Amino acid sequence: MSETKEGTRGAAQDITWSQKEAKAALLKIRDKLENIGYGGGPEALQRKFENYARLESDDEVSAKAGGDLGPITKRKMLFGGAELAKAAFELEQGKMADIVTTKEGVHLVARFE
């Protein structure tokens with residue numbers, strides 16, 4: 001089991017970003033978060049990740065929860081498909097994945113628990 005946080009661009013209905021634009025925006029956010037993680041550790045990274053998810057996520061449900069997708073098992077199918085669960089399980093606690101692309105959009109995944 002793992003708990004994963006996720007930020008997304010491209011999941012909501014009225015999105016006007018191209019996938020390329022969304023991925024570029026998430027890469028900028030990921031770079032900022034990575035620097036925070038280096039300087040402040042996993043707790044600082046988690047707090048900032050949650051803040052960015054609330055402000056930037058196009059998925060209203062996960063945005064309200066600070067990007068928290070709850071406990072994930074290897075077999076749990078998320079709205080983006082198996083790619084998100086796979087990315088979460090490949091992560092060490094307190095780390096972020098590369099940008100994950102699914103049929104629903106592009107996502108930033110981090111594992112905190």
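Basis for what follows: all heavy atoms, side chains included, without hydrogens, waters or symmetry-related copies. For clarity, every value in this text was computed on a predicted model and none was experimentally measured.
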Let me confirm one number: the [atom1]-[atom2] distance from [X] to [Y], rounded to the nearest 0.5 Å.
X     : Y      : atom1 : atom2 : answer
Glu90 : Arg111 : CD    : CZ    : 11.0 Å
Ser62 : Glu50  : OG    : CD    : 12.0 Å
Leu26 : Thr101 : CG    : OG1   : 9.0 Å
Asp59 : Lys64  : CG    : NZ    : 10.0 Å
Asp68 : Phe112 : CG    : CZ    : 10.0 Å
Lys95 : Glu34  : NZ    : CD    : 8.5 Å

Nearest atoms (heavy-atom pairs only) where [X] meets [Y]:
X     : Y      : value
Leu33 : Phe49  : CD2-N, 3.6 Å
Gly94 : Pro42  : CA-CB, 4.2 Å
Trp17 : Ala25  : CZ3-CB, 3.1 Å
Leu91 : Val109 : CD1-O, 3.8 Å

Treating Arg30 as the side-chain partner and Met96 as the backbone partner, does any N or O pair qualify as donor plus acceptor under 3.5 Å? yes
Side chain Glu21, main chain Ser18, donor-acceptor under 3.5 Å: yes
For the hydrophobic clusters of this structure (ILVMFWY residues joined by side-chain heavy atoms under 4.5 Å, transitively), does one cluster hold both Val61 and Leu84? no
Any side-chain heavy-atom pair of Val106 and Val100 under 4.5 Å: no
Would you mind reporting whether His107 and Ile99 have side-chain heavy atoms less than 4.5 Å apart? no
